[in-house]
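Numbered from 1 within each chain, the chains take letters A, B, ... in sequence-line order.
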Amino acid sequence: MIEVRWHGRGGQGAVTSVELFALAAIEEGKYAQGFPSFGPERRGAPVAAFNRIDDHHIKVRSGVYTPDIVVVLDESLIGLVNVADGLKPEGILLVNTAKSAKEVAEITKFKGKIATVDATSIAWKELGVPITNTTMLGALLKVLGKVKLDSAKGPVEHRFGRIAGKNLTAMKRAYDEVKIN
Amino acid sequence: MSKRIGMEIALAAAEVAALCRPDVIAAYPITPNTHIPEHLAEIVAEGHLDCEYLPVESEHSALSACAGASAVGARVFTATSSQGLLYMGEIVPIIPAMRLPIVMALGNRALSGPINIWNDHSDVMAVRDMGWICLFAANGQETIDMIVQAFKIGEDHRVMLPVLVNLDGFQLTHVVESMIMPDQEEVDKFLPPRKPYATVHPDNVVSMGTLGLPEIYTEAKKAEDEALINSKKVILEVWKEWEKTFGRKYEPIESYKTKDADVIMLTVGSMYETAAIAVDQLHKEGFKAGLLNMKLFRPFPADELKAAVKGARVLIVTDRAVMCGGAQAPVCAEVKSVLYDEPVRPAIVNEIIGLGGRDVRVDDFIKMFKKAATADKVKPERAYEIYGVRSS
């Protein structure tokens, strides 16, 4: 089972990300959970959301404490929230940033694998807004390699309707541009 | 044809409720059940369901409107949580007394105060003795299935009682997961339109909800109690038919690895499957743990419980609510009362867990099992323990 924790700020679409990721996995016959950090959400405040992906029915319903992958939607969180908390040493920290992996390692003190992508630039260019949830989903699909990029297409189209095309472009760009160190 | 879907469980609950073709929905959204009435309102507004959706001004009005609609013969659905259920409180016991088969999805949430929007069972436990049939879903699939089953059970002329389908708030309502969703044709076939036994109509006058003087109140309560007890036969029939039609089995008490189990735990609701992981891990260590999940809470499955715990040395009963100042937490109080007359019975430990959204992890279940293992030799200090209370 793969466990993922997403960090974002209220309004950046972390909850949409976990929904889309879970739906993409389910689309290809896998089992998945996607859920928010249960509670009242405030726009701009740090929030977390979670995924579990497996090849069979997932039994566990308690929180995610030792994720395999942590996805950070907002660069400003990495010095503010301990985003590497509980992240498995062999896990991956995926950050939306223009910074280098080395800089991210210094700030987060995470000694494992770090992946970076400048999702904010991609989102500005492709979507015209700095909302990076679909962009970072593309990066995650590449870094994880267990759920196909194609499988996210249906859920993104269903969720975004007429603006799905832009989101798919942003997602594909992040998929291609993410750097894994 | 049933289809495998990925969806938030609350939305799936709304979708399946719509497939049941309710004539009237009256609801007032409250966290964490909000997405259920919200999505139903959408379904009705978009013209996918021919239904009177009443966006009332309070839960009290919601259930009152449901009562009126059900009394004239409509199929009625509603949903609420926590204080919303308490605000309905005045009407809650009237519904079964009037024998109205309303179905309510209860997104279980702690009662205030302190104000808490998270999950436990203090809401349902506050109304457990008010005459509703009570089912508990352990996951998204059971939520979907139980909503359809609930209409069929409640509307049966041998039953004519309302049904509460409990789904843990957030732990279930807000989780996106995969489920098998039946299609309209399958639901129509399983659940034909409601044929009310009696309706309020000017051409065919009957009275419902009349005054019960001392000369009749006792008999009315006896009849209500009998009706609820007798509903079990129909519940079992409907579950058999469900299994035959959809291939998914339902039992009042589901058991996991209880054969030859030394210590058995009883859960109610969505913690069942997390506890099952603990049972697997304990088996690897040679600890004979077993697990029971109570899917049917009202009418209380006494015979099934007696059979399920047979041979166990210790029984851990988990509760998700505190019966403040009481002898025991609510589920355990009934379990003890049922087992008291058994010549041989396990030692019973009562753990109150997961209050107001406190997470209960696999390790916690393992700890509870290990601690309970000596309960037949060393009597616990108190009749119940509130698990995991922080002391500093």
With a 4.5 Å heavy-atom cut-off (strictly below), which parts of [range] touch chain B? List them by number.
range                       : answer
residues 21-33 of chain A   : Ala22(A), Leu23(A), Ile26(A), Gly29(A), Lys30(A), Tyr31(A), Ala32(A), Gln33(A)
residues 53-60 of chain A   : His57(A), Lys59(A), Val60(A)
residues 136-168 of chain A : none

Measure the spacing between [atom1] of [X] and [atom2] of [Y] and express it to the nearest 0.5 Å.
X         : Y        : atom1 : atom2 : value
Asp363(B) : Tyr65(A) : CG    : OH    : 10.5 Å
Ile9(B)   : Phe35(A) : CD1   : CZ    : 11.0 Å
Phe365(B) : Ser62(A) : CZ    : OG    : 8.0 Å

Within the supplied structure, the quantity of interest is the number of heavy atoms (other residues, nucleotides, ligands) at a distance under 6.0 Å from [X] [atom1]; does it exceed 12?
X         : atom1 : value
Tyr175(A) : OH    : yes
Lys113(A) : NZ    : no
Tyr28(B)  : OH    : no

Run the side chain to side chain contact (heavy atoms under 4.5 Å, CB included) test on Glu273(B) and Arg61(A) for me, step by step, so that the C-alpha distance in whole Å, both residues' side-chain angles and the decisive distance to 0.1 Å come before the verdict. CA-CA 8 Å; Glu273(B) 293 183 294; Arg61(A) 288 194 183 274; 4.0 Å; yes
Less than 4.5 Å to any heavy atom of chain A: does that hold for the side chain of [X], its backbone, both, or neither?
X         : result
Arg4(B)   : side chain
Met7(B)   : backbone
Ala275(B) : neither

Mind checking what makes side-chain hydrogen bond (donor to acceptor under 3.5 Å, both in side chains) contact with Asn108(B), not counting sequence neighbours?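 Applying side-chain hydrogen bond (donor to acceptor under 3.5 Å, both in side chains) to Asn108(B) gives Asp123(B), Asn166(B).
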Could you have a look at Ile5(B), Asp364(B), Asn139(B) and say which one has the most heavy-atom pairs with chain A under 4.5 angstrom?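 Going by pairs under 4.5 Å, I would pick Asn139(B).
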Could you tell me whether the side chain of Asp359(B) and the main chain of Gly63(A) form a donor-acceptor pair under 3.5 Å?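 A pair under 3.5 Å: yes.
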